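Inspection log for the structure reproduced underneath, given as structure tokens.
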Protein chains: 2
Amino acid sequence: MTIGQGDSEQVGFQVSPIEFRLDPASGVPTYLQLVHQVEHALRLGYLKPGDQLPKVRDVVASLAINPNTVSKAYRELETKGLIVGRPGQGTFILATLSQVALPELTGLRRSLRGWLAKADTAGLDESGIAALVASELRDFYERLGGSSTRSGAAEDETEGVA
Amino acid sequence: MTIGQGDSEQVGFQVSPIEFRLDPASGVPTYLQLVHQVEHALRLGYLKPGDQLPKVRDVVASLAINPNTVSKAYRELETKGLIVGRPGQGTFILATLSQVALPELTGLRRSLRGWLAKADTAGLDESGIAALVASELRDFYERLGGSSTRSGAAEDETEGVA
DNA sequence: CCCCCTGTCCTATTGTCATAAGACAACACT
DNA sequence: AGTGTTGTCTTATGACAATAGGACAGGGGG
């Protein structure tokens with residue numbers, strides 16, 4: 001039972017490997033939160049070309065928002081060339097934003113978890129950690145002025161970790 | 001009498017120890033960005049009770065925004081009991097949100113900087129780092145459900161990168 | 001073929017954000 | 001007392017976000 005169309009590859013996930021969440025306190029528009037979450041997943045390799053995004057009506061049901069809001073988010077992602085919507089089938093990933101190999105990313109993730117545990121132990125709560133990270137992240141890239149140790153230029157959107 | 005503890009000297013800073021910044025791409029309303037920045041500074045100890053915030057008209061001048069927007073931010077902070085506005089004088093910090101002693105926070109900051117450098121070297125750009133941090137931060141507190149693990153002191157430096 | 005599912009589009013309405021321009025009230029200093 | 005500074009408030013206007021409700025178009029399976 002193959003799900004994939006006659007395309008060159010197969011899917012593997014009928015249900016989406018991503019689950020949207022909303023943070024009403026962030027102040028970020030709903031449609032932008034959806035956009036950011038897809039972009040984040042693309043950067044971290046959680047989503048790859050061919051993967052299917054949640055169906056519009058599913059997102060509507062799970063988040064209790066308006067179809068137009070989801071549509072606006074998907075439209076924005078499609079404009080960027082990241083996804084494509086196919087009526088009757090669903091919405092699918094086209095490109096990737098991943099920059100780092102999986103193993104390296106796993107290492108970074110693990111050490112970051114260690115730091116988080118340490119921050120938690122020190123008494124910082126989620127807001128405090130977010131504040132500290134946001135502060136250092138800003139300082140870090142302010143000091144660099146855009147020049148990374150590697151190469152790479154991208155000045156897309158930035159998302160406050162708050 | 002005014003609220004100032006001492007009456008002759010309490011200053012030390014005519015100019016505020018905080019400087020507002022705006023990120024138009026974040027989607028966060030301007031007035032909320034100001035609110036968040038003050039709260040962050042309070043959590044990290046950059047601002048303490050008695051400190052003076054930038055004058056409304058100064059913020060207006062430096063950020064090129066409307067006085068009403070700054071006023072809305074300050075009003076929100078005043079409602080929360082964090083600051084107080086005194087006509088003719090300025091706006092001042094009332095409470096603190098700091099949760100961690102300075103030395104511990106400094107340690108956390110240092111190891112975080114190390115991690116950031118490592119992530120940068122690995123090829124992650126600002127957006128990628130923000131994505132990774134946001135992802136792990138969410139996972140971390142999702143797993144805890146709100147219960148912190150603070151018991152002992154943190155002594156081990158986060159792995160790698162000194 | 002027909003029906004259902006999918007994404008997409010339309011109009012209208014409501015609420016919030018940000019702006020402009022001006023006025024007022026409390027305080028410090030001369 | 002008078003002047004200038006500072007925070008606060010009012011009114012009106014334009015833009016955007018999100019909603020409701022309905023309609024249309026492409027694709028697949030019975």
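Because the structure is a prediction, the values reported are computed rather than measured. In what follows, chains are A, B, ... by sequence order, proteins preceding strands, each numbered from 1.
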Inset, instruction - Using whole Å, report how far CD1 of Ile83(A) lies from C1' of dT8(C). - result: 12 Å
Legend entry - Atom pair distance, as rounded to whole Å: CD in Glu76(B) and P in dT16(C):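 Glu76(B) atom CD is separated from dT16(C) atom P by 13 Å.
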Inset, instruction - Check the side chains of Thr91(A) and Lys55(A) for a donor-acceptor pair under 3.5 angstrom, ignoring hydrogens and angles. - result: no
Less than 4.0 angstrom between a side-chain N/O of [X] and OP1 or OP2 of [N], yes or no?
{"X": "Thr69(A)", "N": "dA17(D)", "value": "no"}
{"X": "Lys72(A)", "N": "dA18(D)", "value": "no"}
{"X": "Thr30(A)", "N": "dA17(D)", "value": "no"}
{"X": "Tyr31(A)", "N": "dA17(D)", "value": "yes"}

Inset, instruction - Answer yes or no for Arg113(B) and Phe140(A): cation-pi contact, defined as NZ/CZ to six-membered ring centre under 6.0 Å and angle to ring axis within 45°. - result: no
Legend entry - Heavy-atom check, side chain of Tyr74(A) versus side chain of Val35(A), under 4.5 Å: no
Inset, instruction - State, yes or no, whether a side-chain contact exists between Arg75(B) and Glu78(B) at a heavy-atom distance under 4.5 Å. - result: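 No, every pair of side-chain atoms sits at 4.5 Å or beyond.
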Inset, instruction - Mind checking side-chain contact (heavy atoms from CB on, under 4.5 Å) for Leu22(A) and listing every partner two or more places apart, or none if nothing turns up? - result: Thr30(A), Gln33(A), Leu34(A), Leu63(A), Ile65(A)
Inset, instruction - Spell out yes or no: do the side chain of Asn66(B) and the base of dA20(C) have one donor N/O and one acceptor N/O closer than 3.5 Å? - result: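 Yes, the side chain and the base share a sub-3.5 Å donor-acceptor pair.
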Inset, instruction - Could you run through nucleotides 2-15 of chain D and give me one letter per nucleotide, 5' to 3': B if any protein heavy atom sits under 4.0 Å from the base, S if only the sugar-phosphate is that close, - if neither? - result: ---BBBSBB-----
Inset, instruction - List for me each residue that meets salt bridge (charged side-chain N to carboxylate O under 4.0 Å, His left out) alongside Arg138(A), sequence neighbours excluded, and say none if there are none. - result: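 Residues passing salt bridge (charged side-chain N to carboxylate O under 4.0 Å, His left out) with Arg138(A): none at all.
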